Visitor: 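Before anything else, here's the structure in question.
We name chains A, B, ... by the order of the sequence lines, and we start the count at 1 in each one. Values in this document were obtained by computation on a predicted structure and should not be read as measured data. Values below: every heavy atom of this structure, side chains too, minus hydrogens, waters and symmetry copies.
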Number of protein chains: 2
Amino acid sequence: MATVKDIATAVGVSVATVSNVLNGRPNVGHVIRKKVLHAAKQLGYRPNRAAQAMRTGRTRAIGLVLPDLTNPFFPELAQAVENTARSFGLLVCLIDSQGRVDGESDGFALLMQHAVDGVIWCPLGPRPPAALKKLDRPVVLIDRPGPGYAVVHSNYVMGGELLAQHALRMGHTRVGLLCGPQDLESARQRRDGFVNAAPDEIEIAWEVNVGFDGVLTPQAVDALKRRRNVTLIVAGNDVIAISAIRFLSEHGINVPEDVSITGFDNIRWTDVVTPRLTTIAQPLGAIGKKAVELMHGSMSGEKISARRTIFDVTLIERDSVRRIGRR
Amino acid sequence: MATVKDIATAVGVSVATVSNVLNGRPNVGHVIRKKVLHAAKQLGYRPNRAAQAMRTGRTRAIGLVLPDLTNPFFPELAQAVENTARSFGLLVCLIDSQGRVDGESDGFALLMQHAVDGVIWCPLGPRPPAALKKLDRPVVLIDRPGPGYAVVHSNYVMGGELLAQHALRMGHTRVGLLCGPQDLESARQRRDGFVNAAPDEIEIAWEVNVGFDGVLTPQAVDALKRRRNVTLIVAGNDVIAISAIRFLSEHGINVPEDVSITGFDNIRWTDVVTPRLTTIAQPLGAIGKKAVELMHGSMSGEKISARRTIFDVTLIERDSVRRIGRR
DNA sequence: GAAATCTAGTGTAACGTTTTACTAACTGGA
DNA sequence: TCCAGTTAGTAAAACGTTACACTAGATTTC
């Protein structure tokens, strides 16, 4: 690997001058500048990141901490993060805590040791761990707001509202809610958005919370079995919705003939399950991209202006909601 | 951040001694050793990876280069890689080429610049890019063998055989093949495994290749429409199978009543599509784990003995294959 | 009892880069 | 002409770690 010294001897100048050229400092004549640049290209020079890091304290790498890549919400996000980061010349270091808090903290320690320049984090729990406080590097949270941190996520309230409007439009006036974990703001806002936007004509017959991973609790099983005459079940996300559809079909209840269902997230495969799932699409790619952009801005010293960046969502109408009644 | 010098002054020894203790070298008495270790813990010492890297040339980070995280084959793999790596104290740097060759080479360059200690790579094309040759660090390939590299993958031939046996067992004697790209060994071996294991009673009526991403070519569309009396379609992977099921159902052809289908990979959601997909399960987690273990072994100097590590696969019987005929 | 070996350390150079302080040679103005 | 200011460049220290070459004293060997 060619070093700055190799360039210096090749051109016949000092290493300081080479460094000055490479870092775009003005104190070097344009003829020497040309020569240095040419020699650098010639020799295939790549700065040694370790040496740079030691001198400057910046590694040009960022951490990405996720709860579970296996949840289809995250791969698309991770992909966008990696690609945007790469376009800034930033390397992405991945931590997947697999849903375990100790994994999360171990991973965080590993990132610290490698002195990443910042971290994009979707915490396991409702709020980021306290350890994060001690970090003097930029942090962008995904989906979980934290005191004093920048956060980017979708407009969940809007999603809930769109769903409520759609429910009414399709003639559903008695619904059940199969929400995500209500200690997570992202789950709570979906619910509240729906509940608050639902006009008086819509009656919420029951409400049960389950995890975003879609494993059905006894209460959820009970609610799905009895249903209490609801014509529509609003699920907290697609995984929950799919899980519910499967459970219902195993018990001889058909969607949407016997009961309609909506999801949330528009993960891949929602249009391949039967019935194709009516859901809310989040711009996952845009979220990942924005997170990196905020991170990069904040790394280059600019104060993050918007503490919260919220993206619009859209309703995807498919086949899991049946029109009932007139209109 | 506490440095080795801080420890040295705290204990009253030289930095060399501290370094010797920390790296487990034998030339230091056990009383001083105790003291140093204690002080290190006390001060919350973490070695500065950049400095270590500069001195030793090792970063304790590895690269993971994937074609497309969005393909459900990869997240589980990535998760296993990250977790196993972390258990070795290795950081995983992610590159997702999004199916583009320039992305792949850009990402590779980025990894080189950061001087990762090795790379686990699932190349885009049938063979790893030539640039990899110039790399003097351990490489483990996933799923695509390359000359002189270690590779780990599933026993695709065995998968094909299991499928052929199952086909016969279920009474299917006339099948169509909807294979993956035949320039990829992993697709070719699935096909060959099936074809070679299929006894004379099984007639292969037609054979069409599509991409692993499941987008149907005109030939595939034609084959699915006409079908030429096959009772079973053997798809190259689950994504293709699901894609085919969807296409067929849109054209009023039911699976498995009108035609049976098998997949390959056992990705998540295969048991949630309708009908639930009969497929071959690969031990993705084990593959990722093994890749890191090979990598780590090779990093610590041991020669990689097995050039090829192959994992057994299992048949997952579900609902997409109908039993026909007697037996 | 002298020579050889071993034990428990230490001093310091080196890794590749950036940056501060410095210098020498010009330039322009009064 | 002299001084101030600018331009173009350099020397060297520093970042935190490791590892090589050493040493002083203790212990063994013949």
Side-chain angles (χ1 to χ4, degrees), chain A residues 1-37 39-40 43-61 89 112-117 136-137 299-301, chain B residues 1-37 39-40 43-61 89 112-117 136-137 299-301:
Chain A
M1 262 294 161
T3 78
V4 89
K5 188 181 284 180
D6 296 331
I7 301 181
T9 58
V11 178
V13 293
S14 74
V15 293
T17 298
V18 174
S19 175
N20 285 335
V21 170
L22 262 20
N23 294 333
R25 262 178 280 276
N27 58 336
V28 38
H30 88 289
V31 36
I32 287 210
R33 180 178 299 272
K34 272 265 161 59
K35 278 189 187 177
V36 167
L37 256 19
L43 296 168
Y45 171 76
R46 299 272 154 203
N48 178 324
R49 290 290 185 210
Q52 274 183 324
M54 179 147 73
R55 193 61 243 256
T56 63
R58 308 274 135 212
T59 51
R60 303 205 54 76
M112 288 305 84
Q113 198 162 128
H114 280 262
V116 292
D117 287 347
D136 62 338
R137 284 168 153 66
M299 275 166 52
S300 10
Chain B
M1 262 296 161
T3 79
V4 89
K5 188 183 284 181
D6 295 331
I7 301 181
T9 57
V11 178
V13 293
S14 74
V15 293
T17 298
V18 174
S19 175
N20 286 336
V21 171
L22 262 21
N23 295 331
R25 261 178 281 277
N27 58 337
V28 36
H30 87 290
V31 36
I32 288 211
R33 179 177 298 272
K34 272 264 160 60
K35 278 189 186 178
V36 167
L37 256 20
L43 295 168
Y45 171 76
R46 300 271 154 205
N48 179 323
R49 290 287 186 212
Q52 274 183 324
M54 178 147 72
R55 190 63 243 257
T56 62
R58 309 273 136 214
T59 52
R60 304 203 55 74
M112 288 304 84
Q113 197 164 127
H114 281 263
V116 292
D117 287 346
D136 61 339
R137 286 169 154 64
M299 276 166 52
S300 11

Visitor: Do any side-chain nitrogens or oxygens of A:Ser19 fall under 4.0 Å of OP1 or OP2 in C:dT18?
Guide: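 Checking C:dT18 against A:Ser19, a side-chain N or O does come within under 4.0 Å of OP1 or OP2.
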Visitor: Distance check needed: C:dT17 C1' versus A:Asp6 CG, whole Å only.
Guide: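 Nearest whole value for this atom pair: 13 Å.
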Visitor: Want to settle it: does A:Val15 or B:Pro47 sit nearer the 5' end of DNA chain D, counting the closest nucleotide to each?
Guide: A:Val15
Visitor: Return whichever of B:Ala51 or B:Val13 has its heavy-atom-nearest nucleotide of DNA chain C closer to the 5' end.
Guide: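 On the 5' side of the pair lies B:Val13.
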Visitor: In whole angstrom, what separates B:Asn48's CG from D:dT18's P?
Guide: 10 Å
Visitor: Can you see if the side chain of A:Asn23 gets near the phosphate of C:dT18 - specifically, an N or O under 4.0 Å from OP1 or OP2?
Guide: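 The answer is yes; a side-chain N or O of A:Asn23 sits under 4.0 Å from OP1 or OP2.
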Visitor: Report yes if a side-chain nitrogen or oxygen of A:Thr17 is closer than 4.0 Å to either non-bridging phosphate oxygen (OP1 or OP2) of D:dT10; otherwise report no.
Guide: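 True: A:Thr17 side-chain N/O within range (under 4.0 Å) of D:dT10 OP1/OP2.
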Visitor: To the nearest Å, give me how far apart CZ (A:Arg25) and P (C:dT17) are.
Guide: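 Roughly 14 Å, once rounded to whole Å.
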Visitor: Find the distance B:Asn27:CG to D:dT23:C1' and express it as a whole number of Å.
Guide: 13 Å
Visitor: Ignoring backbone atoms, test whether B:Gln52 places a side-chain nitrogen or oxygen under 4.0 Å from the OP1 or OP2 oxygen of D:dG16.
Guide: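 No.
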Visitor: Nearest to the B:Ala16 side chain among C:dT12, C:dG16, D:dT18, which nucleotide is it?
Guide: C:dT12
Visitor: How many Å lie between CZ on A:Arg58 and P on C:dT19, as a whole number?
Guide: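 Atom-to-atom, A:Arg58 to C:dT19, this comes out as 12 Å.
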Visitor: Round to a whole Å and report the spacing from NZ of B:Lys5 to P of D:dA14.
Guide: 9 Å
Visitor: Using a 6.0 Å cut-off, check whether atom CZ of B:Arg58 has over 12 heavy atoms from anything other than its own residue.
Guide: yes
Visitor: Could you state the atom-to-atom distance from NZ of B:Lys34 to C1' of C:dA8 in whole Å?
Guide: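 It is 17 Å, rounded to the nearest whole Å.
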Visitor: Choose from D:dT17, D:dT10, C:dT17 the nucleotide whose nearest atom is closest to any side-chain atom of B:Thr3.
Guide: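 Among the listed nucleotides, the one closest to the side chain of B:Thr3 is D:dT17.
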Visitor: How about B:Arg46: does its CZ atom have over 12 heavy atoms from other parts shown lying under 6.0 Å from it?
Guide: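 Atom CZ in B:Arg46 is not packed in, count stays at 12 or less.
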Visitor: Among the nucleotides D:dA11, D:dC15, D:dT17, which one has an atom lying closest to any side-chain atom of A:Arg55?
Guide: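 Looking only at heavy atoms from C-beta outward on A:Arg55, the closest nucleotide is D:dC15.
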Visitor: The side chain of A:Ile32 is closest to which nucleotide in this list: C:dG16, C:dA13, D:dG9?
Guide: D:dG9
Visitor: In Å, rounded to the nearest 0.5 Å, how long is the span from CZ of A:Arg55 to CG of A:Asn48?
Guide: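 One finds 14.5 Å between CZ of A:Arg55 and CG of A:Asn48.
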Visitor: Whole angstrom is fine here: how far is it from CG in A:Leu22 over to P in C:dT19?
Guide: 12 Å
Visitor: Hey, does B:Val4 have a side-chain heavy atom less than 4.5 Å from the side chain of B:Leu22?
Guide: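 Result yes, sub-4.5 Å side-chain heavy-atom pair found.
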Visitor: Which distance, rounded to the nearest 0.5 Å, do you find between the NE2 of B:His114 and the OG1 of A:Thr59?
Guide: 7.0 Å
